[in-house]
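Working notes, structure below.
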Amino acid sequence: MAMGSTTGSPRFRAAVDIGGTFTDIVLLDADGRRHVKKVSSSVEDYARAIVDGLREVFEETGLTGRDVIEVLHGTTVASNALLELRGARTGLITTRGFRDVLEIRRLRMPRLYDLTWEKPPTLVERRLRVEVNERIDARGAVQQPLDDGDVERALDVLLAQGIEALAVCLLNSWANPAHEERIRTLARRRAPGLPLCISSDVLPEIKEYERTSTTVINTYVLPIVRRYLATLRTGLDGIAVRGPLLIMQSNGGLMTDEAAATRPMHIIESGPAAGVVGAQALARRIGLGKLITFDMGGTTAKASLVEDGAISRATEYQVGGGIMHGSRLLTGAGYLLRVPAIDLAEVGAGGGSIVWRDAGGALQVGPRSAGASPGPLCYDLGGTEPTVTDANVILGYLNPTALAGGAVKLNASRAHEVFQERIAEPLGLPLAEAAHGAHLIAASNMMRAIRAVSSERGRDPREYALFAFGGNGPLFAAGMARALEMTRVVIPPAPGLFSAFGLLYSEVEHHYVRTWRRRTRGLDAAELAEAFGRLEDEARAQLAAEGFTGAAVRLERSADCRYQGQSFELTVPVTSSVPIEEAFGREHERTYGHRAGPDEPVEIVSLRVVGRGLSDRPRVIDRPGGLDRPGTPEMAPRTSPEGAMRRVYFGPQTGWIATPILSRSDLATPREGPAVIEEYDATCVVPPGARAGLDAGGNIVMEL
């Protein structure tokens with residue numbers, strides 16, 4: 001798609017989404033013209049794949065770096081540093097008696113009866129956690145003053161151990177930060193270049209474990225994220241891309257690279273968030289009130305909820321610990337981060353997930369993955385273990401010769417041989433039944449994620465549409481929806497690249513929180529307005545520094561509330577139309593199925609403000625036609641010839657059926673299943689008994 005810049009320079013926004021296998025790049029201008037590029041991720045230096053990919057786009061299109069006005073980026077650099085424990089060597093200074101808060105955690109176990117479960121290692125080992133004498137009470141009064149000599153000794157110990165970053169978290173510093181600020185002053189004098197975070201800056205909120213854990217995570221990934229963003233900025237400058245670099249946050253908003261370099265805790269779940277934001281934008285456009293998003297790639301599958309055009313957010317989540325459960329009951333597996341994030345449930349199931357038999361001979365799928373290298377058996381790149389993708393090739397769901405418009409050649413016979421020998425024969429099953437069993441187990445693992453964001457939150461999945469994307473989402477969507485008794489599935493155009501498109505829909509956003517404990521009865525409205533006003537001033541100052549003022553600024557208020565005596569809070573919007581107590585009662589009933597009587601006092605624990613900077617650039621392409629330009633990869637030649645048929649297995653009841661292989665445009669006239677829709681970046685399976693067609697926006701809509 002050659003787009004020279006002859007008639008007035010085009011102004012493109014570039015979205016870059018890094019996955020474990022591929023880096024997706026989408027360039028889009030205000031007229032809906034776009035260019036798409038998929039390049040292999042460069043794991044040792046993620047920035048290189050981005051810069052090289054953009055350079056290739058420029059060579060192919062005749063564009064230059066000056067035509068790119070901003071770069072939007074979703075990254076897994078911070079989460080990988082945590083999962084692989086490759087962060088900075090971090091020291092922690094804390095109040096005497098609270099050295100082991102990180103170790104003790106919340107005494108919660110993700111697997112109740114598993115005596116062999118071990119909690120993940122702390123991010124700061126014990127010898128790098130040093131206590132100082134000081135104490136501030138819960139009202140902010142100094143009970144024991146801080147001794148400078150004590151702080152100097154603590155710094156000597158930590159610097160002698162060769163720390164690369166320092167976290168400071170003192171008891172009750174949320175009520176009075178004076179002691180933490182004094183430690184910061186002394187540390188800066190002693191070690192001027194040392195990255196340093198104090199908890200009263202990072203999270204001025206009650207609960208010492210949550211505050212310590214969040215501050216330590218922010219400090220632990222800070223040098224790595226800073227280095228990565230500096231490398232990327234230098235690389236972009238090198239190809240004359242001088243526009244701002246905006247990073248996707250876990251909460252679905254964007255932040256500048258400068259803000260991300262000081263608060264990397266907000267970009268830990270940067271990767272999966274973009275797809276949910278894209279789903280929200282699309283849902284508003286096509287008038288879908290309730291949907292569950294389902295994003296399945298090569299290694300993980302993620303589910304989230306969009307209701308009445310609003311994304312569901314959690315105030316905290318856990319990173320690592322093998323698998324991110326959405327269930328509120330199964331916490332404690334990973335490292336706790338108390339920052340707002342899109343409420344995602346994530347399971348270790350993707351196309352590369354390995355199919356294996358446990359000690360009892362039962363079939364299991366994942367969470368281990370063959371990833372991009374060596375990949376599934378059928379890729380013929382040295383993989384030795386059968387995967388979900390191999391099962392799907394055997395079942396006829398995937399093209400047996402090639403994927404990605406012919407870019408990935410497949411060896412189906414290798415998948416058949418090894419699956420037969422390793423899985424089917426030991427189970428005493430025909431090959432097709434064994435492969436179908438693996439497919440169903442993968443689907444049931446992923447249904448756990450969907451239930452975690454729906455039925456475990458008091459939502460009935462049957463009232464929602466399933467919005468499926470990612471390279472493998474459209475293949476599994478119909479079967480999973482049917483098992484959950486959902487009746488509608490929606491698959492957007494370019495589903496495999498959808499997370500990159502999601503970035504283009506996001507706005508700049510900053511979240512602020514402060515503990516402010518008051519009962520809602522007899523609340524002083526002026527005092528509440530003043531407390532919110534302080535947070536809003538912070539938001540306005542940050543947004544003004546990024547060029548957003550006046551009408552370009554949107555502020556939203558909310559509060560964390562609980563019935564007095566409860567241990568956990570629910571977040572409710574604070575508006576002039578609904579009293580806080582009533583808003584909390586409604587949310588409590590919706591989440592837990594009941595609310596307390598009118599005599600039960602409600603307590604505010606923390607106040608929250610979200611500040612949004614609204615761009616004057618169009619965030620959304622409103623023309624459906626903008627999504628299918630000749631020359632973009634989705635329109636690449638089909639791997640299967642026109643009018644092709646393939647034998648596809650739909651389970652022991654139905655057996656093998658000769659199934660037509662179609663392209664998306666063939667669904668302009670709705671048709672009954674079975675059918676397989678092959679695209680450049682994904683394959684969609686329409687089972688028997690389902691009906692599929694295209695809506696006005698080019699989305700595949702399946703009625704089950």
Handout entry: Val36 vs Ile25 side-chain heavy atoms within contact, under 4.5 Å
Key = no
Exercise for the section: Could you tell me whether Arg457 and Asp343 have a side-chain N and a carboxylate O separated by less than 4.0 Å? Expected result: yes
Exercise for the section: Please determine if Glu703 and Arg691 form a salt bridge, counting it only when a charged side-chain N lies under 4.0 Å from a carboxylate O. Expected result: no
Handout entry: Ion pair check, Glu417 and Arg414, cut-off under 4.0 Å
Key = no
Practice task
Give, for atom CG of Asp24 and atom CG of Leu497, the distance between the pair rounded to the nearest 0.5 Å.
Solution key: 4.5 Å
Handout entry: Minimal non-hydrogen separation, Ala478 against Val489, with atom names
Key = CA-CG2, 4.3 Å
Handout entry: Distance in Å, Leu694 CG paired with Ser665 OG, rounded so as to fall on 0.5 Å steps
Key = 8.0 Å
Handout entry: Ile491 side chain near Arg664 side chain, heavy-atom distance below 4.5 Å
Key = yes
Practice task
For Arg105 and Gly334, work out which heavy atoms get closest and say how close.
Solution key: NH2-O, 2.9 Å
Practice task
Give, for atom CG of Asp45 and atom CD1 of Ile50, the distance between the pair rounded to the nearest 0.5 Å.
Solution key: 9.0 Å
Exercise for the section: Measure the shortest side-chain to side-chain distance between Val648 and Leu395 over non-hydrogen atoms and say whether it is less than 4.5 angstrom. Expected result: no
Problem - Contact check, side chains of Met446 and Met480, non-hydrogen atoms, under 4.5 Å - result: yes
Exercise for the section: State which residue, out of Leu503, Ile342, Thr293, fulfils the side-chain contact (heavy atoms from CB on, under 4.5 Å) condition with Val277. Expected result: Ile342
Handout entry: Under-4.0 Å salt bridge between Arg646 and Glu678
Key = yes
Practice task
Show your reasoning for whether side-chain hydrogen bond (donor to acceptor under 3.5 Å, both in side chains) applies to Ser250 and Tyr317.
Solution key: CA-CA 10 Å; Ser250 317; Tyr317 65 102; 3.3 Å; yes
Handout entry: Separation between NE2 of His416 and CG of Leu377, rounded to the nearest 0.5 Å
Key = 11.5 Å
Problem - Validation row: Leu282, Gln280 side chains within 4.5 angstrom (heavy atoms) - result: no
Practice task
For this output row, return yes or no: ring centroids of Phe467 and Phe498 closer than 6.0 angstrom.
Solution key: yes
Problem - Aromatic centroids of Phe650 and His436 separated by under 6.0 Å - result: no
Problem - Check ion pair Glu307-Lys290 (N to O, under 4.0 angstrom) - result: no
